[in-house]
Amino acid sequence: MKTIVTKIDEQNIDDKALEALKEAGEIIKNGGLVAFPTETVYGLGGDGLNPESSKKIYAAKGRPSDNPLIVHVADMESIKKIVKELPDAAYKLADALWPGPLTMIMEKSDEVPYETTGGLDTVAIRMPSNKIAAELIRQSGGYIAAPSANLSGRPSPTEAKYCIEDLDGRVDMIIDGGQVGIGLESTIIDLTSDVPMILRPGYVTQKMLEDILGDVSIDKTILRADSGVKPKAPGMKYRHYAPKGDLTIVEGDPLKVTEYINLKLAEHKENGEKTGVIATKQTVLKYNADVVKCAGSREDEEEIARNLFSILRQFDDEDVSCMYSEAFADTGLGQAIMNRLLKAAGHKVVKV
Ligand code: TXA
Ligand code: MG
C-alpha cells in the first residue's frame, strides 16, 4: 500500500487543508485508515462503527484484538448514538474538560461493534481539542476509532515522522500536523463503576477530576506492578513503550541517584555496552553515559511529558543497549510520567 503523507498547519486550516481533510474523511468513510495528530499523541484512525475498519486497525498496528479502541467524536450530540445513557458525570466532565485529553468509559449501544470495543459492553469516548482531529472527525462521519499510531509495543508517536517510521505502507494516509502539545496519551476514567475510576493517568490529573466529581478512585495496578492483579483497561497489561535496550529507573535522594547511575554506567562500559541516561536539566551534565538525554526541567513536568516518548525512540535509533532514568514524582502529571516510564522499564526500579 502506498501511504500518502500530507502536511497541515493546525493554526491555519485553509481551503487546501480542508480539501486534504475531506479526502482523508472519504478514506475513513470507505473503510481505510488515516493517522492524524491529536493534542496527546498521534492516532491511527478508522471508522469506529465499521467492524472491518477496526479489524484493519488491529492488523496495521500488530495489536492484540482484545485491546479496545477509543472512539473519537467532535460534539456531545454524536455520543448519544453510541452509549446506552449519558451519565450526569459525563456532562460535568465534558463541560469542564472537553474537548481535551480525557477519555470516558460508558455502556455502549448496539451501534458500536464489538470489534471496536475488543468484545466489551463498554465504549471509551474522547473529544480531542486538536483542530485537525476535530475537522477530520466531522469529515469522516463522526466516529473515528483510534489507538495511538505506533506499532504495538512501541512508544506512542509525538511527531508524524514516528508514524511514518512505524506505519508507512500499512495505512492509506498520514497527516503531519507537527509536534503534539502534551506527549502522553489521554487520562481514562471509567464512569460505569460506582465510584468513577481512573484506568490510565494522563494530563488530566486525579485532583482535577476530584474537583469536578468528588470521589474518584484510581486503578492501583497502574502505578506499581502488583503481581497477579489485572489492570481494568486491557491495554495497560501489555508491556509497552519498551525500548530495545534494558531500562532501569533509579529512585531516591538526587545525589545518590546520580552517583548510583554513574557507578552502573562505568560497569556497563567496561563490558563494552552502549549506555544511555534520561536526565533532567538539573543533572544532565553529571552523567558519563554514551547518550545523555535531557527530558526537561524538574520544575516543568509538562516539558518532561512532551519529550519522554521521543527520547525512548531516540535511544533505539542510537542502538543503546542499557539505560537508566531518574524517577519522577508520583503525584499530579508525574503520575502519568511515572506510569509510562514504569511500563517502558518493565517495572524495573532500584531504590537508593
Ligand atoms: O490520547 C489518547 O487516548 C490516544 C489518542 C490517539 O486519542 N489514544 C490512545 O489509544 O492512547 P490506545 O488505543 O493506545 O489506548 C487506549 C486504552 C487502552 O489501554 C485500552 O485498553 C483502553 O484505552 N480502553 C479502551 N476502551 C476501553 C474500555 N471499554 N474499557 C476499558 N479500557 C478501555
Ligand atoms: Mg497506545
Side-chain angles (χ1 to χ4, degrees), residues 33-46 48 54 57-58 60-74 82-84 97-109 112-130 132-134 136-137 144-158 162-163 166-167 175 177 180-193 196-204 219 221-222 230-242 305 309 336 339-340 343-344:
L33 303 183
V34 176
F36 63 99
T38 81
E39 65 277 24
T40 56
V41 298
Y42 274 75
L44 167 55
S54 293
I57 291 175
Y58 288 109
K61 274 187 68 114
R63 172 172 175 142
S65 60
D66 69 341
N67 187 2
L69 308 174
I70 296 173
V71 178
H72 296 68
V73 297
I82 57 170
V83 297
K84 274 219 171 101
L97 299 166
W98 269 0
L102 176 71
T103 296
M104 303 185 210
I105 294 183
M106 299 176 227
E107 306 279 348
K108 80 172 192 73
S109 76
V112 189
Y114 282 115
E115 282 79 359
T116 299
T117 66
L120 298 176
D121 287 313
T122 52
V123 57
I125 305 170
R126 179 159 106 79
M127 193 189 293
S129 64
N130 180 291
I132 298 169
L136 180 63
I137 295 165
I144 297 188
S148 47
N150 49 283
L151 286 176
S152 193
R154 299 214 70 200
S156 299
T158 49
Y162 298 132
C163 299
D166 281 14
L167 299 174
I175 299 175
V180 301
I182 293 178
L184 300 178
E185 308 86 343
S186 62
T187 303
I188 302 180
I189 186 163
D190 183 358
L191 299 180
T192 66
S193 46
M197 184 188 269
I198 298 171
L199 306 189
R200 178 173 75 183
Y203 186 81
V204 171
D219 184 355
T221 61
I222 60 189
K230 248 211 228 154
K232 298 225 162 35
M236 300 299 281
K237 72 173 178 272
Y238 295 105
R239 187 171 143 88
H240 240 212
Y241 323 125
F309 285 155
N339 169 257
R340 305 312 192 274
K343 291 187 83 167

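Excluded from the calculations below are hydrogen atoms, water molecules and symmetry mates; all remaining heavy atoms, backbone and side chain alike, are included. Atoms within a ligand are numbered from 1 in the order they appear, just like the ligands themselves. Index from 1, following the sequence.
Under a 3.5 Å cut-off, the side chain of Glu39 and the backbone N or O of Ser129 do form a donor-acceptor pair. Checking side-chain atoms of Tyr203 against main-chain N and O of Ala336 turns up no donor-acceptor pair under 3.5 Å. Checked by atom type and distance alone, the side chain of Arg340 pairs as donor or acceptor with a backbone atom of Glu185 at under 3.5 Å. Remark: side-chain polar atoms of Ser148 are not paired, donor with acceptor, to backbone N or O of Ser156 under 3.5 angstrom.
Looking at heavy atoms from C-beta onward, Tyr162 lies out of side-chain contact with Val41 at the 4.5 angstrom threshold. In this structure the side chain of Phe36 never reaches within 4.5 angstrom of the side chain of Leu44, judged on heavy atoms. Within the 4.5 Å cutoff, side-chain heavy atoms of Pro37 are placed close to those of Ile175.
Polar contact check, Tyr42 against ligand 1: no nitrogen or oxygen pair lies under 3.5 Å apart. Residue Lys61 has no nitrogen or oxygen atom sitting less than 3.5 Å from a nitrogen or oxygen atom of ligand 1, judged on distance alone.
Ligand 1 places these atoms under 4.0 Å from at least one heavy atom of Ile188: 17 (C), 22 (C), 23 (O). Residue Ile70 has at least one heavy-atom neighbour below 4.0 Å for each of these atoms of ligand 1: 3 (O), 8 (N), 9 (C), 10 (O), 16 (C). Numbered from 1 in the order shown, with element, the atoms of ligand 1 that lie under 4.0 Å from a heavy atom of Ala124 read 25 (C), 26 (N), 27 (C). Near Ala146, meaning under 4.0 Å from any of its heavy atoms, are these atoms of ligand 1: 8 (N), 10 (O). Of all atoms in ligand 1, listed by their number and element, those nearer than 4.0 Å to a heavy atom of Thr122 are 28 (C), 29 (N), 30 (N). Close approach of ligand 1 to Gly43 is summarised as follows: ligand atoms under 4.0 Å from at least one heavy atom of the residue are 6 (C). Of all the atoms in ligand 1, the ones that sit under 4.0 Å from a non-hydrogen atom of Ile105 are 27 (C), 28 (C), 30 (N), 31 (C), 32 (N), 33 (C). Atoms of ligand 1 lying under 4.0 Å from at least one heavy atom of His72, given by number and element, are 5 (C), 6 (C), 7 (O).
Under 3.5 Å, the side chains of Arg126 and Thr40 contain a donor-acceptor pair of N or O atoms.
Taking backbone and side chain together, Ser152 holds no N, O or S atom under 2.8 Å from the Mg ion (ligand 2).
The residue from Ala133, Pro157, Ser186 that puts a heavy atom closest to atom 3 (O) of ligand 1 is Ser186. Summarising the contacts of atom 15 (O) of ligand 1 with Lys108, Glu185, Met106, Arg200, the nearest heavy atom is found in Arg200.
Taking all atoms of both residues into account, the shortest heavy-atom contact from Leu167 to Ala149 is CD1-O, 3.3 Å.
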